[in-house]
Amino acid sequence: MIKKIDKISGDPVIDLALDTIKIGKQALVFVNTKRSAEHCAEKIAEYVKQNSNEKLVHGILTALPKPTKQCQRLAKCITKGVAFHHAGLHAKQRELVEDAFRNGTLKIICCTTTMAAGMDLPAFRSIIRDLRRYGRHGLEFIPILEYHQAAGRAGRPGKEEFGEAIVIAHRESEIQEIADNFINAEPEPVFSKLAVEPVLRTYLLSLIATNVVGNEEELVEFFSKTFWAMQYEDIESLKMTLMRIKEKLIDWGFLKRDNANFISGTDYNKKVLRVTRLGKRISELYLDPLTAHLLVEGLDRAKSVTVTEFSLLQLICSCLELRPLLKPRAKEFDKYQEFLGLHEDELLTKEPSFFEEDYEEFMATVKTTAMLMDWIDEKDDEVLMEEYNTRPGETRYKLEIADWLLYALKELGVVLKNTTFNPSIEKLRIRLKYGVREELVPLLKLKKIGKIRARALYNNNIRSIKQLKKTDPAKLRFILGNKIAEDIIRQLGSQNENSKLSENI
DNA sequence: GGACGGTGAAACTTCAGGTTGCCTC
DNA sequence: GAAGTTTCACCGTCC
């Protein structure tokens with residue numbers, strides 16, 4: 001069936017979106033970069049009459065402590081019933097956009113793959129503009145499964161009889177290619193996640209930690225029954241991989257061979273494998289053993305190093321979990337080497353030499369550390385965007401992982417009886433959570449006091465809970481507003497009874 | 001002649017997402 | 001690979 005739509009802008013994607021609005025329906029536009037999502041939404045919005053979505057706009061602009069240019073651009077699009085959606089948005093904003101699309105306030109969302117999977121957000125039309133995305137080998141086709149996810153958004157079961165999934169061909173010659181490679185293609189086979197070494201390491205340790213497996217023979221037997229082994233086929237090579245990882249775990253002190261139960265003459269493979277106390281905790285924390293090893297080594301180095309925020313942040317930035325890291329640009333290299341120079345004797349990781357392959361990756365940990373340090377120096381989202389090209393959503397995601405790794409570091413310290421740095425780690429976690437300098441930490445113990453209010457109090461010379469208690473309520477009302485001030489006074493009152501808020505942080 | 005401003009070509013840069021981990025009584 | 005951004009040489013204009 002061939003349908004004609006009005007040519008308004010000359011860009012088929014915009015025209016399709018406008019047509020969707022004209023017929024009173026909704027559409028999702030899938031593109032391959034965050035920037036494209038933003039541009040595309042803005043271009044569509046240019047052709048749409050102003051609506052007023054005041055409440056939604058207000059929500060978007062107040063999601064962050066201070067609205068960024070990105071917030072303002074999104075808000076402007078939203079006044080036209082159009083939005084963009086990608087992982088760079090703050091979670092609150094994403095949710096607002098999703099809800100507004102569901103209730104019909106928004107007509108068009110231009111999005112990246114954030115929208116493709118796992119979200120209940122159907123639309124009448126699904127417009128897939130890009131089937132290629134930047135990958136290891138330049139621009140590559142996206143997986144067929146991902147195309148299915150995007151196309152599958154079209155049609156609202158129970159509400160409409162059909163939906164339309166539309167793929168844009170950028171050239172005449174592409175039409176057949178798209179039909180063959182996507183529309184009529186079988187989705188690619190599913191591969192076992194166990195083939196990824198960090199996952200394999202984690203499960204190998206946990207199987208022993210939970211006594212599911214007690215020796216090497218059982219270990220191999222267990223894995224040979226998995227989907228991974230079925231796909232892999234070559235059992236000998238699989239066995240070698242398992243043994244190599246097991247040896248690493250023994251080297252790192254997470255597993256041990258139990259010699260007590262070893263009866264001479266017994267098959268070596270039946271030698272009992274036990275988890276150490278450290279290994280047990282790592283498994284409970286669901287840490288990748290490689291990350292745990294890095295943290296353990298870091299704790300060991302910490303004994304002979306001046307440990308600062310830089311030390312702790314750079315250590316966790318070296319963990320795989322925090323990837324992708326921020327890479328210094330060619331022009332920035334000197335700047336970050338200089339920054340590193342200031343902190344060289346605080347390092348808890350091994351610095352590779354300039355000529356080693358890892359050096360670039362190492363410098364990326366330094367830049368990422370610099371970003372986190374700026375965050376706890378109260379630099380706002382706009383500054384992070386300009387300086388590091390990292391958007392609020394991406395920053396929050398990194399912060400969440402950083403928090404988890406710092407917690408894990410603290411816990412490993414407990415097992416290793418090396419808790420000297422735990423108070424610093426705890427303080428750092430609070431600072432990362434709020435994005436504040438050290439001086440605000442005491443005030444943040446109160447509910448309803450975050451970065452902004454703590455700063456306001458501090459700037460008014462109220463710098464501790466003690467000082468807060470002595471402050472004239474009228475002054476508090478002036479600084480915080482009536483309601484919040486009342487709440488704080490109540491919290492301070494109840495604190496006297498159970499002394500929940502101690503001053504020792 | 002020098003300070004600007006405009007222009008366009010060349011060089012450079014960037015490019016999706018976000019599992020489930022823990023605990024704080 | 002493509003699109004956007006930055007840099008820089010070059011030219012014209014004005015004072």
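Letters A, B, ... are given to chains in the order of the sequence lines, protein chains preceding strands, and every chain is numbered from 1.
- Comparing A/Gly138 and A/Lys331 by the nucleotide of DNA chain C whose heavy atom lies nearest to each, the residue mapping closer to the 5' end is A/Gly138.
- The distance from atom CG of A/Leu139 to atom P of B/dT14 is 17 Å, rounded to the nearest whole Å.
- A side-chain donor-acceptor contact under 3.5 Å links A/Asp11 to the backbone of A/Val13.
- Across the protein-nucleic acid pair, A/Glu38 atom CD and B/dA16 atom P stand 10 Å apart, rounded to whole Å.
- Taking a heavy-atom distance under 4.0 Å as the criterion, the stretch of DNA chain C touched by chain A extends 5' to 3' from C/dG1 to C/dT7.
- Comparing A/Arg35 and A/His137, the nucleotide of DNA chain C nearest to each residue sits closer to the 5' end for A/His137.
- The interatomic distance linking A/Tyr134 (OH) with B/dC15 (P) rounds to 10 Å, in whole Å.
- Partners of A/His90 according to the side-chain contact (heavy atoms from CB on, under 4.5 Å) rule, which considers only residues two or more places apart in sequence or in another chain, are A/Leu64, A/Lys92, A/Gln93, A/Arg396.
- Applying the side-chain contact (heavy atoms from CB on, under 4.5 Å) rule to A/Ser311 yields the partners A/Val307, A/Thr308, A/Glu346, A/Leu348; only residues at least two apart in sequence or on another chain are considered.
- Residues satisfying the ring-ring contact (aromatic ring centres under 6.0 Å, His included) test with A/Phe30, not counting sequence neighbours, are none.
- The structure places CG of A/Leu412 at 6.0 Å from CG of A/Leu295, a figure rounded to the nearest 0.5 Å.
- Screening residues 391-448 of chain A for ring-ring contact (aromatic ring centres under 6.0 Å, His included) gives no qualifying pairs among residues at least two apart or on separate chains.
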Extract all donor-acceptor atom pairs below 3.5 Å that involve side chains of residues 111-121 of chain A and protein atoms in other chains or at least two apart in sequence.
residue, atom, partner, partner atom, Å
A/Thr112, OG1, A/Thr114, OG1, 3.3
A/Thr114, OG1, A/His85, ND1, 3.2

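- Atom CD of A/Glu146 and atom P of B/dA16 are 12 Å apart (whole Å).
- Under the side-chain contact (heavy atoms from CB on, under 4.5 Å) criterion, A/Asp380 pairs with A/Lys66, A/Glu382, A/Val383, sequence neighbours left out.
- Going from atom OG1 of A/Thr20 over to atom CD of A/Glu164 covers 8.0 Å, rounded to the nearest 0.5 Å.
- Taking a pair to require two hydrogen-bonding distances under 3.5 Å in either a Watson-Crick or a G-U wobble arrangement, B/dG8 pairs with C/dC8.
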Under 3.5 Å between N/O atoms: give me all the protein pairs with nucleotides 17-19 of chain B, atom names plus distance.
residue, atom, partner, partner atom, Å
B/dG17, OP1, A/Ala87, N, 3.0
B/dG17, OP1, A/Thr112, OG1, 2.4
B/dG17, OP2, A/Lys34, NZ, 3.3
B/dG18, N3, A/Tyr397, OH, 3.3

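- Residue contacts for A/Asn32: at a heavy-atom cut-off of 4.0 Å it reaches the sugar-phosphate backbone alone, with no base atom in range.
- Look at CZ on A/Arg132: it is 17 Å from P on B/dA16, rounded to the nearest Å.
- Rounded to whole Å, the separation between the P atoms of B/dA16 and C/dA3 comes to 15 Å.
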Show me, pair by pair, the donor-acceptor contacts under 3.5 angstrom made by side chains of residues 320-331 of chain A, not counting sequence neighbours?
residue, atom, partner, partner atom, Å
A/Glu321, OE1, A/Thr291, OG1, 2.8
A/Glu321, OE2, A/Thr291, OG1, 3.0
A/Arg323, NE, A/Glu361, OE2, 3.2

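- For the segment residues 276-293 of chain A, no residue has any heavy atom less than 4.0 angstrom from an atom of DNA chain C.
- When the P atom of B/dC22 is taken as reference, atom CG of A/Leu412 falls 13 Å away, rounded to whole Å.
- Within the structure, ring-ring contact (aromatic ring centres under 6.0 Å, His included) pairs that include any residue of residues 109-152 of chain A comprise A/Phe124-A/Phe162, A/Phe141-A/Phe182, A/Tyr147-A/Phe182 (at least two apart or interchain).
- Whole-Å rounding puts the A/Glu332 CD to B/dT13 C1' distance at 11 Å.
- Residues passing the side-chain contact (heavy atoms from CB on, under 4.5 Å) test with A/Ser192 are A/Leu194, A/Phe227, A/Trp228, A/Gln231, sequence neighbours excluded.
- A/Leu405 places its CG atom 15 Å from the C1' atom of B/dC23, with the value rounded to the nearest Å.
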